[in-house]
Amino acid sequence: MKMKNRFFSLCFFLFCLLSLSSCLNSKRIDKTITKYYNDNPIPRKVKPVENISISSPLSTGGPPSATTGKTYNWLPLVVYLEFDYAMTCTLNPEHAITVYSNALYKYASKKLSKTLGGKQLKISIEKVPQQFLVLDEAHMIFLGIAAISWDKITISSISNMLAVQYQVLENGKEIRSGSLTATMPDYKVRMKRPTVTKDDIGDFVTNYEKNISVLSQRMADQLERELQLVNQ
């Protein structure tokens with residue numbers, strides 16, 4: 001009897017995993033993000049400001065995202081099954097770098113560049129928020145030859161830190177340097193549906209890019225204050 005119960009529990013577990021993979025998996029997340037960027041490409045980099053340069057060691061080629069999935073906390077009982085399926089998505093940092101650069105150059109062309117005067121400003125983007133989590137808390141009750149299942153799905157950000165280093169140069173000589181950090185607001189949404197749609201992922205990426213742009217403008221204000229100290 002014990003062997004039979006274990007067999008049924010294992011069958012339930014495998015059935016749940018197969019059911020889940022048909023509607024929500026790492027490949028589908030990556031496919032959805034790729035389609036999002038194909039349909040909503042990031043605007044081309046705006047014209048750089050002459051005395052400001054932005055670079056990043058994070059720049060890399062590759063696909064828009066890379067997602068991995070992991071099952072844990074599973075509880076297989078005779079008539080009940082519970083487990084969590086977590087997918088961690090890492091976005092290509094190139095998107096955040098472009099959004100950041102665009103926002104800062106737009107700001108700089110109006111104000112920051114004038115404050116610099118004849119000096120040069122070099123900015124290196126050292127860290128950007130890249131990861132978010134799609135968590136499926138799955139449940140199943142076995143009723144004879146039928147089963148009832150339900151899921152609680154949450155999308156939430158994982159990494160929230162944006163960090164840059166900067167140098168102010170005059171006639172090629174460094175006269176000030178420093179680092180700036182900003183934290184992106186936490187993003188967490190619980191789905192009212194048993195799966196995540198492309199619109200859910202699209203909404204997350206749209207919100208993500210808006211926040212990167214906001215953080216860029218905040219850092220530009222910080223840089224403005226730093227430059228004012230240099231000019232004193």
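We're numbering straight along the sequence, starting at 1. Just so you know, these numbers come straight off a predicted model, no measurement behind them.
In this structure, the side chains of Y107 and L112 come closer than 4.5 Å at one or more pairs of heavy atoms. The closest side-chain heavy-atom distance from I201 to I29 is below 4.5 Å. Residues E137 and Y85 have side chains not in contact (no heavy-atom distance under 4.5 Å, counting atoms from C-beta outward). Residues D84 and D136 form no side-chain contact, since every pair of their non-hydrogen atoms from C-beta on lies 4.5 Å or further apart. Contact annotation: the side chain of K188 never approaches that of I155 to less than 4.5 Å [non-hydrogen atoms, C-beta and beyond]. Under the 4.5 Å side-chain criterion, counting only non-hydrogen atoms from C-beta, Q167 is not in contact with L121. Put simply, the side chain of E94 reaches to within 4.5 Å of the side chain of S59, judged on heavy atoms. The shortest distance between side-chain heavy atoms of V49 and N51 falls below 4.5 Å.
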Report task. Could you check L223 against L104 for side chain to side chain contact (heavy atoms under 4.5 Å, CB included), going step by step and ending with a plain yes or no? Result -> CA-CA 10 Å; L223 285 167; L104 192 134; 4.1 Å; yes
**Report entry** Steps toward side chain to side chain contact (heavy atoms under 4.5 Å, CB included) verdict (T68, S26)
**Finding:** CA-CA 6 Å; T68 57; S26 56; 5.8 Å; no
Report task. List the steps, then state whether side chain to side chain contact (heavy atoms under 4.5 Å, CB included) holds for N160 with D186. Result -> CA-CA 7 Å; N160 296 327; D186 287 334; 2.6 Å; yes
Requested in this report: Apply the test side-chain hydrogen bond (donor to acceptor under 3.5 Å, both in side chains) to residues S65 and Y37: give CA-CA distance (whole Å), side-chain angles for both, the deciding distance (0.1 Å), then the verdict.
Outcome: CA-CA 10 Å; S65 65; Y37 278 116; over 6 Å; no
**Report entry** Step-by-step side-chain hydrogen bond (donor to acceptor under 3.5 Å, both in side chains) determination, T115 to E224
**Finding:** CA-CA 7 Å; T115 305; E224 179 75 20; 2.6 Å; yes
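From I153, atom CD1 reaches atom CG of L135 across 9.0 Å, with rounding to the nearest 0.5 Å. To the nearest 0.5 Å, the span separating CG on L162 from CD on E126 amounts to 10.5 Å. Atoms OG and CG, from S216 and N211 in turn, are 12.0 Å apart once rounded to the nearest 0.5 Å. Atom CD of E226 and atom CG of D221 lie 12.0 Å apart (nearest 0.5 Å). Of the inter-residue distances, the one linking Q217 atom CD with K106 atom NZ reads 9.0 Å to the nearest 0.5 angstrom.
Contact between G172 and Q120 at its shortest, heavy atoms only, is N-OE1, 4.2 Å. Nearest heavy-atom pair, N92 versus P63, reported as atom, atom and distance to 0.1 Å: ND2-O, 3.1 Å. Heavy atoms only, all atoms of each residue included: Q130 and Y208 are closest at CA-OH, 4.3 Å. Closest heavy-atom contact between A103 and S213: CB-OG, 3.5 Å. Between T88 and Q131, the closest heavy-atom pair is CG2-NE2, 3.9 Å. Here the closest non-hydrogen pair linking T181 and Q222 is O-OE1, 4.2 Å.
Linking ILVMFWY residues whenever their side-chain heavy atoms come closer than 4.5 Å, directly or via other members, leaves L180 and M161 in distinct clusters. In the hydrophobic cluster analysis, where Ile, Leu, Val, Met, Phe, Trp and Tyr join through side-chain heavy atoms closer than 4.5 angstrom, Y100 is grouped together with L58.
A side chain to side chain contact (heavy atoms under 4.5 Å, CB included) with K210 is found for one member of V214, T206, I212 and no other, namely T206. Just one of V164, V128, I123, I97 meets the side chain to side chain contact (heavy atoms under 4.5 Å, CB included) condition when paired with S56; it is I97.
Comment: D39 engages K35 in a salt bridge, judged by a side-chain N to carboxylate O separation of less than 4.0 angstrom.
A distance-only check finds no donor-acceptor pair linking the side chain of S55 to the backbone of S124 [under 3.5 Å]. With hydrogens and angles disregarded, no donor-acceptor distance shorter than 3.5 Å links the side chain of T67 to the backbone of M87. Although no hydrogens or angles enter the test, the distance criterion places no donor-acceptor pair under 3.5 Å between the side chain of S159 and the main chain of P129.
More than 12 heavy-atom neighbours from other residues, nucleotides or ligands sit within 6.0 angstrom of CG on N38. Environment of NZ in K119: crowded, with over 12 heavy atoms of neighbouring residues, nucleotides or ligands closer than 6.0 Å. By the 6.0 Å contact criterion, CD on E170 is enclosed, its count of non-hydrogen atoms from other residues, nucleotides or ligands being greater than 12.
The six-membered or imidazole ring of F132 lies near that of F204, with a centre-to-centre distance under 6.0 Å.
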